[in-house]
Structure formats: C-alpha cells, structure tokens
Asks: 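What follows is a structure written as structure tokens; I'll ask about it next.
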Amino acid sequence: MLTVTSPNTVDWENMPLDEMAYGNAIDCDLTKRCGDLMVDELDYLGCLDLYENCLSLILPIMAEVENKGLLVDTDELNDIGSLLETEIERIENKMFTILPKGSFEKGEVNFASPKQLGEVMFSSKGLKMTPRMWSEKTGEPSTSEAHIKDLSKDLRRDKKANESRIEFLDCLLEYRKRVKQFKTYVNGIKSALEYNGDGRVYSQYNFATVVTGRLSCSAPQVKKRVEGKRGKVNKIFKKGVSFHTLPRPDEEGKDRVNIRDMFIADNGYTFLAADYSAAELRVLAHVSQEPNLIQAFKSGEDLHKYTASLVYGKTIDKITKKERQIAKSVSFLIVYGGGPEKLADQVGISIEEAKDVFFKFFKAYPGIKFWMEATAASIREKKYSESIFGRRRHLPNVDSPNNKLKHQAIRQGINFIIQSSASDIMLHGILSLYARSRKIGLEILATVHDSIEAQISHEKISEAAEIMRSSLSDTSIFKKLYDIDFAVPMAVDVEIGSSFGDVKEAHFDEKGNLTNAQELSEYVQTKANSRSY
DNA sequence: GCTGACGGCGCC
DNA sequence: AAAGGGCGCCGTCAGC
C-alpha cells in the first residue's frame, strides 16, 4: 500500500477493519489520481494500446490465479522430504570422511558458509586446493559451482593424486542441491500448508517488478505478531513458493526427487501445460526479419537442427546431437549477448571452434547480425531501446566511462526488445485463453514466462488441449490490435498429465485434434486413483 | 533481534 | 580485450 512507509512493521492480520479500510481508501484515491496522469503519459509514449488491450485486462485474471492456488500432494511431499533428509545426511557424513583425519569434525564446520567452506577447500589444514576465482565484491576465494567445476576438471588431469578432492567437490555440489531442495521446497511448502490449512499453496504475480514487463512470481507472506511476544510484528508466514524457480529433476525419470510432482490438479481434474516453443527466437526472427530464420520457423522443422544444418552445411538428417546442442546454445547466447567463450564453456569445445560457430551462425543468418548492429547504434543514439509493443527501457549507461557498464547496457537493450516482446505475446496468450476457458471450465493455475499451467475436468481434455494450443498460438490479434504482421507462427507445445512434474506431450493432427487423448487420459486417471486427496 | 549485503543457485 | 539477459529465495555475516 502506498501510504504505508514500513510494511514490515505493520501487523496486518490484527489491524482493526476500519483502520485498514481508511488506509485502503487513501490508497485508492492516490492510485486513481496517479493513474490518470500515467494514462496521459502512456498515450504520449505510444503504449496506451498495450495497457488498454492487455495489461489492464490481465490484472484481475492473475488475481484469480493467485486466489486459486495449487493443491499439494502431501504424500509426495512427505516422501520427497524423508528421501532428501536421508540423502543429505549420507552426503554430509561422506564429506567428513573424505577430509584429512583430524582436520574438521562434523559440527565444527558449516558447509553452507562460504567463509568456512573456503577454509576447508583452500587452507593448508583442509584440502589445499589453489583458488583461481574470487568474489567480485569481497575478494574472498569463490566456492561457486562454476569455480568448483573448473577446479574439478583440472584435478581430473591427475586423477590418482586428487581422488579425495574430486570426490569432495562432487559431493559438495550434490549436497548443495539437496539442501536447497529441502530447505526451500519441503520446509517452505510444509510451513505454507500449515499456515493455509486448506492443502494449497499460493503465489503472487507481480506486475511492476521486472524491467522487461515479465511477471515476477513470489511467495505471498503474512507478517504477524505472535502471542506472548512484545512489540511489533515478529514472525513472517509464507503462504506458498515462487512458481518460477521450481527445480526440474536433473535427468527426467532417473532422479528420484522431482519437486514439481508435489503440485497436482484438483480431484477430478487433469493437469495441462502449454508452452511456447522458442518464443524469444521467434521474436528475434520477427524483429530482425532475417529471411532464413523466418523460413526455419515456417518450415516447421526442429529449429536447432535447422540452424545446425546451415552452420555445418549438412542436411538436417545428418545433424548429430552435439551439433544440435551447439546450435541451440549459440542461438540463446545471441539473445543474451554471450560470446564464443561462453559457448566454448557451455558445450565443451575450444574457443577457436566456438568463434567459428559464431561466424558461421551470422553467415547463415546475416539479418541477425545486421539487426543487432543497427539496434546497438540506435540505443547509443537514443539512450533507450523499445519493444515491438512500445515498451521502453532507458539505458543511460551507454555513455558510461566504464567499459563494462557501457557494453552491458547494449546487451541489456538488445535483450530487452526480445524478452519484453515475448513477454507481452504471452500476456496476450493468457487473455485469449481466459476468454475461451470459462465455457469449458478450464482453470489457469500458474504461468511461467512462456508457459501456462491449467486444469480441466478429466472428460474435457481434448477440447482443453486444443483451446490452449490455438489461443496461445494466435498471432492474428497482433494485426488486429496493433497492426503488427507477425513474421513467424508462434508454435505451442501442450502437455497433459497428473502433476506439474509429470506431463506427457499431446499430439495433434492437422485439424488440431488431440490424437493421443485416450492414452493420456487413462494414464492420468490411473495416477489420480492412486492418490488419497 | 533486526536489516541489508552478499554468495550461491533455482527457473525462463 | 572482454562481454550472459531477466528474476526470487535460502543461509551467513556484519553492523546497528
């Protein structure tokens, strides 16, 4: 609320209603007055259409999503919880046996403290490794994953002499991952369930957080004064988790822990997820108007294979997994502003090879290079960049005397256009879907940047799948609303299953009909029948 | 006991 | 020459 200067010290839950009503009234008044001014400003800047066609409409829809929340499978939660507990204990014990005898005993050192862990890894008392990356802010030796992997890779050159070090580093990464899963999700969801009391968890979708216009997602919290304690608010209760950071299992199926399995559709409902395939690269095709990239998307071929075939001068059927992976990486690095060094690091090739890949990529898609250069020039001149829907990001750092900041601003500006445009396409997709969802009873449960999660009663999965696919992929609305001829189709994949973590691809025929409905629905029903709800 | 900065890492 | 965009959340630690 606008009128609250220190929200963390206010006890909302115990506030008298009239006091809260008064505060809210002031907020409404101020918001309205600010709103009128801002509408004029939006009009002046050329993005009032976006606000009226999309942003103003989507707010109440997301409020509905927030209030609906998601059902948690508590059996799954408990299973994952005890699995993680024993796993964490096992790894921790193992780590202490690896350390030199008499150096660090269990209970004496906390691996979660980068400072203490640094002692273990780098001091003469510990594993005596030589650091080569340091924190930018504090100058302390880094214990980051990148550093650990780098050290580990080097140690493996003399495997015999470094056996225990390598093992420790492997354990450390595993330990961190499991601890994070346990602390953030098992603990987090358990305490949320305890507070909510309805078996559900909730997320909050924030509209004015992300510079590009993406929604951010966070766990709503209640600040509360606990009985028996004096003074102001002294406890924070979380009502859920951020849905945007839920981990995926390392290897689908192989990892026994899949945090996403804990989130399920309501009893009698099937879980559906629709996501745009390569949304940002499609936007890149549109803004750059690169003919080969446009053709790649129009062809309906696998994009990364298509790109690889241009880069390596081979037919698509000759493209190896590795070549496809390289083509995929280089595409995303372009969107983020990454260079050959990152590519080499990511896919395990030499920097020379990586430079060659970049060269050939730009040769295959010359319009991308041209667009990036033209865009950079425009950003330097105007000090801002602008998305296809008229959103702007101001980038004063293009004039910074600091080279790093200067180049960073250019990358941010280029990425802004792509990320922001993709984000608004998705918001329009939500609107289209919502408009068609009511009559079949489809309910949106969550959104994650380029995907929408929803539920539908079992018997209507075919209709629901088709509605999700067709609403999200409809680009004709951009012509209608903004006179934009979108250059490529927005392809959408739909998945259907028994939980957020357990979905299988839906297949459609040319007419858009779901062809594997029978198989999917049997699978989902079987799963649902085994649940206690 | 609280706050904010920081390291670290999850996702798109 | 070097260059990864955008977030949220956890624990630790220093400072008040």
Side-chain angles (χ1 to χ4, degrees), chain A residues 6 8-9 110-118 133-148 172-173 175-188 203-206 209-221 229-236 238 240-250 259-260 275-276 278-281 284 329-330 332-343 345-346 351 358 376 385 393 395 402-420 422-423 426 446-451:
Chain A
S6 49
N8 288 346
T9 65
N110 179 1
F111 294 138
S113 158
K115 202 175 169 184
Q116 295 178 40
L117 180 59
M133 289 171 66
W134 289 267
S135 152
E136 205 149 308
K137 298 269 163 70
T138 59
E140 293 297 312
S142 166
T143 67
S144 70
E145 184 171 340
H147 192 195
I148 289 169
L172 178 58
L173 292 180
Y175 174 79
R176 278 201 182 140
K177 186 177 69 195
R178 297 309 189 193
V179 167
K180 180 161 191 169
Q181 290 178 337
F182 188 77
K183 300 260 187 214
T184 308
Y185 297 102
V186 175
N187 281 349
S203 324
Q204 179 178 302
Y205 292 89
N206 311 295
T209 300
V210 185
V211 285
T212 57
R214 273 185 174 180
L215 300 179
S216 99
C217 178
S218 54
Q221 46 184 248
K229 296 216 179 185
R230 303 194 140 274
K232 30 184 200 188
V233 170
N234 50 33
K235 192 139 172 63
I236 294 175
K238 295 219 173 233
V241 290
S242 165
F243 258 80
H244 288 181
T245 53
L246 291 176
R248 290 176 171 283
D250 314 287
I259 299 292
R260 295 180 176 220
D275 50 295
Y276 288 103
E280 296 190 335
L281 295 173
L284 178 59
S329 286
V330 72
F332 283 108
L333 285 168
I334 300 261
V335 171
Y336 298 151
E341 295 78 9
K342 283 284 169 190
L343 179 64
D345 188 45
Q346 259 177 31
I351 290 181
F358 266 77
S385 69
R393 177 170 184 178
L395 298 153
N402 180 331
N403 249 331
K404 198 180 156 179
L405 294 180
K406 200 160 79 180
H407 292 293
Q408 186 182 35
I410 297 296
R411 292 194 295 274
Q412 287 169 328
I414 290 175
N415 177 264
F416 171 83
I417 297 171
I418 299 168
Q419 189 183 117
S420 176
S423 168
M426 160 75 169
T447 74
V448 192
H449 306 311
D450 60 1
S451 73

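Computed over heavy atoms, backbone and side chain alike; hydrogens, waters and symmetry mates excluded. Keep in mind it's a predicted model, so treat the numbers as computed, not measured. Convention: sequence-line order gives letters A, B, ...; per-chain numbering from 1.
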Asks: Determine the contact category for A/E140: base if any of its heavy atoms lies under 4.0 Å from a base atom, sugar-phosphate if only primed atoms, P, OP1 or OP2 are that close, otherwise nothing.
Replies: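 Contact class for A/E140: none.
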Asks: Which nucleotide in the list C/dG8, C/dA3, C/dG6 gets nearest to the side chain of A/T209?
Replies: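 From the listed options, C/dG8 comes nearest.
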Asks: Should the side chain of A/K183 and the base of C/dC10 be counted as holding a donor-acceptor pair, with the cut-off at 3.5 Å?
Replies: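 Result: no qualifying N/O pair found.
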Asks: Please classify the nucleic acid contact of A/V210 as base, sugar-phosphate, or nothing, using heavy-atom distances under 4.0 Å.
Replies: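 The residue A/V210 makes sugar-phosphate contact but no base contact.
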Asks: Under 4.0 Å, counting only non-hydrogen atoms across every strand here, what does A/A279 touch: a base, just sugar-phosphate, or nothing?
Replies: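 No contact at all - A/A279 keeps every heavy atom at 4.0 Å or more from the nucleic acid.
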Asks: Please list, chain by chain and in numerical order, all residues satisfying ring pair (Phe, Tyr, Trp, His ring centres under 6.0 Å) with A/H147, sequence neighbours excluded.
Replies: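 Listed in chain order: A/F122.
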Asks: Between A/R393 and C/dG6, is there a contact of a side-chain N or O with OP1 or OP2 at under 4.0 Å?
Replies: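 It does, given that an N or O in the side chain of A/R393 lies less than 4.0 Å from OP1 or OP2 of C/dG6.
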Asks: Out of C/dG6, B/dC9, C/dG4, which nucleotide sits closest to the side chain of A/K342?
Replies: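 Of all the options, the side chain of A/K342 is nearest to C/dG4.
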Asks: Nearest to the side chain of A/K115, which nucleotide is it out of C/dG5, C/dG8, C/dA14?
Replies: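 The closest nucleotide is C/dA14.
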Asks: Please state how far atom CG in A/D450 lies from atom C1' in B/dC12, giving the value in whole angstrom units.
Replies: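 Rounding to the nearest Å, CG of A/D450 and C1' of B/dC12 are 6 Å apart.
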Asks: If the threshold is 4.0 Å, N to carboxylate O, is there a salt bridge linking A/K404 and A/E136?
Replies: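 Judged by the 4.0 Å cut-off on N to carboxylate O distance, A/K404 and A/E136 do form a salt bridge.
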Asks: What's the closest nucleotide to the A/Q408 side chain, out of C/dG5, C/dA3, B/dC9?
Replies: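 Given the options C/dG5, C/dA3, B/dC9, the side chain of A/Q408 is closest to C/dG5.
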Asks: With a cut-off of 3.5 Å and sequence neighbours excluded, list every side-chain donor-acceptor pair involving residues 409-417 of chain A.
Replies:
residue, atom, partner, partner atom, Å
A/N415, OD1, A/Q419, NE2, 3.3
A/N415, ND2, A/V335, O, 3.1

Asks: Of the nucleotides C/dC7, B/dC9, B/dC11, which one has an atom closest to the side chain of A/K180?
Replies: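 So the nucleotide nearest the side chain must be B/dC9.
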Asks: Is A/V241 touching bases, backbone alone, or none of the nucleic acid, heavy atoms closer than 4.0 Å?
Replies: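 A/V241: no heavy atom of the nucleic acid under 4.0 Å.
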Asks: I'd like to know if the side chain of A/S216 pairs up with that of A/N206 as donor and acceptor (distance under 3.5 Å, no hydrogens or angles considered).
Replies: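 Looking only at side-chain atoms, A/N206 and A/S216 do form a donor-acceptor pair, the distance falling under 3.5 Å.
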Asks: Would you call the rings of A/Y175 and A/F111 parallel, tilted or perpendicular, taking 30° and 60° as the class edges?
Replies: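 Answer is perpendicular, since the angle exceeds 60°.
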Asks: Just to be sure I understand the rule, does A/K406 reach a base, reach only the sugar-phosphate, or reach nothing, if contact means heavy atoms closer than 4.0 Å?
Replies: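 A/K406: no heavy atom of the nucleic acid under 4.0 Å.
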Asks: Nearest to the side chain of A/T212, which nucleotide is it out of B/dG8, C/dG5, C/dG6?
Replies: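 The answer is C/dG6.
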Asks: May I ask you to verify if any side-chain N or O of A/Q419 is less than 4.0 angstrom from the OP1 or OP2 atom of B/dC12?
Replies: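 Checking A/Q419 against B/dC12: no side-chain N or O falls below 4.0 Å of OP1 or OP2.
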Asks: Indicate, with a heavy-atom threshold strictly under 4.0 Å, whether A/N110 touches base, sugar-phosphate, or nothing.
Replies: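 The answer is sugar-phosphate, as A/N110 gets under 4.0 Å only of primed atoms, P, OP1 or OP2.
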Asks: Counting side-chain heavy atoms from CB outward, which of B/dC9, B/dC12, C/dG6 is closest to A/R176?
Replies: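 Of the candidates, B/dC9 comes closest.
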Asks: A/R214 side chain N/O closer than 4.0 Å to the phosphate oxygens (OP1, OP2) of B/dC12?
Replies: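 For A/R214, the contact criterion (side-chain N or O under 4.0 Å from OP1 or OP2 of B/dC12) is not met.
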Asks: Please classify the nucleic acid contact of A/G337 as base, sugar-phosphate, or nothing, using heavy-atom distances under 4.0 Å.
Replies: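 Result for A/G337 = sugar-phosphate.
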Asks: Roughly how far, to the nearest 0.5 Å, is CG of A/N110 from NZ of A/K115?
Replies: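 One finds 12.5 Å between NZ of A/K115 and CG of A/N110.
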Asks: At 4.0 Å (heavy atoms only), tell me whether A/Q116 reaches a base, stays on the sugar-phosphate, or touches nothing.
Replies: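 The residue A/Q116 makes sugar-phosphate contact but no base contact.
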Asks: Which is true for A/S451 with a 4.0 Å heavy-atom rule: it touches a base, it touches only sugar-phosphate, or it touches nothing?
Replies: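 Nothing, no nucleic acid heavy atom in range.
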